[in-house]
**Q** 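Here it is, the structure, as structure tokens.
Here the structure is a predicted model, which is why all the values come from computation and not from measurement.
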Amino acid sequence: MMARKVLALNGDEAAAYAVKQCKPDVIAAYPITPQTIIVERLSDFVADGELDAEFISAESEHSALSACIGASAMGARTYTATASQGLALMYEMLFVASSFRLPIVMSVANRALNSPLNIWNDMSDTMGARDCGWIQIYNENAQEVYDFTIQSFRIAEDHRVLLPVMVCHDGFVVSHSTEGVETLSDSEVDSFLPPRTPVYPLDVENPVTIGCVGVPEYYPEIKYQQEVATKKSIQTIKEIINEFNESFGRNYDIIEKYQMDGAEVALLTIGSASGTAKDAVDEMRAEGKPVGLLKLRLFRPLPVEDLRKALSGLKAVGVIDRHISFGSMGGALNMEVRAALYEMRERPHVMGFPAGLGGRDIRVEHFIKITEELLRIAERDVLEEDYRVVGCRGPGCIGP
Amino acid sequence: MALKSLPLHEYLSSGHRLCAGCGEGVTIRQILKSFDEPPIICNATSCLEVSTTPFPYTSWRTPWIHPAFECTGAVAAGVEAAQKALIRKGRKKKWDVVLALAGDGGTYDIGLQSLSGALERGHKFVYVCYTNDAYMNTGIQRSGATPRAAWTTTSPAGKVIPGKTEWQKDLMKIVVAHDIPYAATVSPSYPMDLQRKMKKAIQADGPSFILALTPCPRGWRTPPYLTIELGRLAVQTCMFPLYEVENGQYKITMKPKRKLPVEYYLRPQGRFRHLFTPKTRHDIINAIQAYVDKKWQEIQKLEQLTQQ
């Protein structure tokens, strides 16, 4: 293997560096904390002539994504980045981008939503956008941000997929934390990611109409095709991850296992909390407790079969959500895992733990308390609560 | 330039579902006649959009995209930027004109921010706003373009309030304030004036803006055969003056030989019927006349002021 540079990059810088190597034609974005470093670095790359791209400093996130839609429809490789309120402002256009089957890649530095105004990390933004038809990939650290930003372009532009991708990392915890990131050479990225070959671009030689009126006689078939394509993309995503692993000596999967041999209860995590949770698992294991961890990387499309396989045989699972779906059963991940397992004959108890809202730290001791609760549930074979909020002052919460 | 010399192509084909007598259909056809080669069209949600693209049909013989309502300026910006990048990188051969099409709701109101952003950034495109003075696509609701006193379903002529109580937003002033190279008003009733202005808009070095008044028989409560006549009356009463602003220089392109009273324009339209029946509302008509006179004088002064 050829020598690769290890650079000191935070999560945002890792995203920007990866995007530069992916050679987008058009970037349209609007600054918002904690994503801003990405657009700043990309602006530098363009200003210094290191990246040959049109950079549109849009006047809002709504316009940023709208400009991406126009550019991507022209056949350009297109990128944007946002967070929180910015993603919420894009909401309308998220559906349009996926329905047009445009391979736009968007970094999201996950951040809580107003109100009260909060610039810190949770996943209220992207979890709220889970039904927009975008692929969603969640990353634990800057290295993953780098690696999956590159893979996201390949996934999005694959003709079997043709869907936009949100590549997410936790605000501040990942976006502003500097780590050593092993980068690929430009030629390695070039060989992994060939230039985009658009299918039906806006072209005067072959005029197409994009964004017609879909009456009830046609709308369901169009949406059905979108659903089939999204479900089928899981296989392609796995193939692309495997190719990346083999080409560059990585070891990624859509669900990753940690200390799962002999585990009777498990934490199911997403994003940067996985690292802290792994420490807790290590401590519990040292005490001889049968505790393991599963890290979900791909939330959309939800790898339902893989989840069933990964969770079968366990007695209890604690799902760590970084947001709350108000008035239901904690977070969306908890609800969807429960739904996925419902028809299994032998299924574990599943309890939700919405944690770390608005940047509240989730510490090792929180995860210890959660696993202790899971062991109790496993022992008594009874689940008494659908969910319990973690890291919060309030009756029934697992304390701050 | 003569009417006979206009190209024979029809980039908007016949068979679309716009209403009989719709001013939009006539205007967009004329707009497209000013192109020698097909433009790439970015369309806002509007009557034009829904009437020309019911899947699996399309009336467009040009590349055409419609993502949503309020984003036409931004979408056109993205198309323009992509074109620049792709041509620079050798992945596209020639420059195609980018034409943004949006109605008054999509421009005066919900799309104003995206238009302003795109104008400020200086993207090279032609933006045509076809205004029929209200949200006609959703069934005649008031917009920022609706004239004072006009009836709409959300500014009804009630027992107490006689139609819209506010003046029409002066969109041209807002657009011109961006210091773009070219902006003009056009009317399908003056086709050669429209052609001349479109040619300039297409050739402008930067963003250009065209405001077209497109009478709407359904919303204005007028018979379809009056569409072109009403367009003419709008100009001759100075309710809708035809002018252009080229690099900051104002020029009125159609000075009425005899400036007609606004009543000539208002009376044939059902949306102003409450000004004439059961009794004539001279107070409102006079206020409209005074406002139109003031605006007409203002534009003449601007023309003088910006003469070289």
Side-chain angles (χ1 to χ4, degrees), chain A residues 23-28 30 52-78 80 90 92-93 95-97 99-100 102 104 195-198 200-215 217-219 221-222, chain B residues 11 17 37-43 45 49-86 88-89 91-94 96-98 100 111 113-121 123 125:
Chain A
K23 298 181 178 150
D25 302 303
V26 176
I27 300 164
Y30 188 83
D52 182 9
E54 288 297 311
F55 190 101
I56 302 175
S57 289
E59 82 293 339
S60 75
E61 287 90 352
H62 192 284
S63 283
L65 186 53
S66 299
C68 285
I69 287 169
S72 190
M74 286 293 291
R77 180 168 290 162
T78 307
T80 187
M90 285 180 179
E92 174 194 27
M93 305 314 291
F95 288 86
V96 178
S99 302
F100 283 2
L102 297 175
I104 298 163
R196 179 184 168 197
T197 49
Y200 294 116
L202 292 169
D203 174 15
V204 292
E205 301 293 324
N206 299 289
V208 287
T209 290
I210 302 175
C212 56
V213 176
V215 291
E217 287 77 3
Y218 292 100
Y219 189 87
E221 285 76 16
I222 294 166
Chain B
Y11 295 145
R17 297 171 184 191
E37 291 179 65
I40 299 171
I41 295 177
C42 307
N43 206 168
T45 308
E49 169 264 322
V50 298
S51 303
T52 55
T53 63
F55 186 86
Y57 305 106
T58 180
S59 307
W60 298 94
R61 293 194 176 105
T62 62
W64 182 94
I65 185 167
H66 154 254
F69 195 4
E70 71 279 53
C71 53
T72 310
V75 174
V79 168
E80 183 250 18
Q83 232 188 151
K84 266 183 172 164
L86 294 175
R88 193 166 64 229
K89 295 181 183 187
R91 280 158 48 206
K92 189 174 189 299
K93 285 192 195 87
K94 72 175 225 324
D96 299 310
V97 178
V98 182
Q113 175 184 314
S114 110
L115 171 65
S116 174
L119 295 181
E120 181 268 327
R121 293 189 301 269
H123 298 282
F125 60 59

**Q** Answer with side chain, backbone, both or neither: which region of A:P24 has an atom nearer than 4.5 Å to a non-hydrogen atom of chain B?
**A** backbone
**Q** Is it the side chain or the backbone of B:T62 that comes within 4.5 Å of chain A heavy atoms, both, or neither?
**A** backbone
**Q** Tell me, side chain or backbone of B:I65 under 4.5 Å from chain A's heavy atoms, or both, or neither?
**A** both
**Q** Tell me, for A:E217 versus chain B, whether the close heavy atoms (under 4.5 Å) come from the side chain, the backbone, both or neither.
**A** neither
**Q** Looking at A:S57, A:A28, A:C68, which one has more heavy-atom pairs under 4.5 Å with chain B than the rest?
**A** A:S57
**Q** In residues 203-213 of chain A, what donor-acceptor pairs under 3.5 Å come from side-chain atoms, sequence neighbours left out?
**A**
unit_1, atom_1, unit_2, atom_2, d
A:D203, OD1, A:E205, N, 3.0
A:D203, OD2, A:N206, ND2, 3.4
A:T209, OG1, B:T58, OG1, 2.6

**Q** Quick check on the interface: out of A:V26, A:L202, A:V96, who has the most heavy-atom pairs with chain B under 4.5 Å?
**A** A:L202
**Q** Give the member of B:R61, B:R88, B:H123 that has the highest number of heavy-atom pairs under 4.5 Å with chain A.
**A** B:R88
**Q** Any salt bridge between A:D25 and B:R91, counting N to O under 4.0 Å?
**A** yes
**Q** Provide the full list of salt bridge (charged side-chain N to carboxylate O under 4.0 Å, His left out) pairs with a residue in residues 58-71 of chain A, sequence neighbours left out, each pair given once.
**A** A:E59-B:R121
**Q** When only pairs under 4.5 Å are counted, which of B:P67, B:S114, B:C71, B:A85 shares the most heavy-atom pairs with chain A?
**A** B:P67
**Q** Looking only at atom types and distance, does a side-chain atom of B:K89 sit under 3.5 Å from a main-chain N or O of A:D52, one as donor and one as acceptor?
**A** yes
**Q** Name the member of B:A68, B:A118, B:P54, B:P63 that forms the most heavy-atom pairs with chain A at distances under 4.5 Å.
**A** B:P63
**Q** For the pair B:T72 and B:L115, evaluate side-chain contact (heavy atoms from CB on, under 4.5 Å) and give the outcome as yes or no after the intermediate values.
**A** CA-CA 7 Å; B:T72 310; B:L115 171 65; over 6 Å; no
**Q** Hey, which of A:P195, A:A67, A:A73 has the most heavy atom pairs under 4.5 Å with chain B?
**A** A:A67
**Q** Using every non-hydrogen atom in the two residues, find where B:W64 and B:E49 come nearest and quote the distance to one decimal.
**A** CH2-CG, 3.7 Å
**Q** With no hydrogens and no angle check, just 3.5 Å: does a side-chain donor-acceptor pair link B:W60 and B:T52?
**A** yes
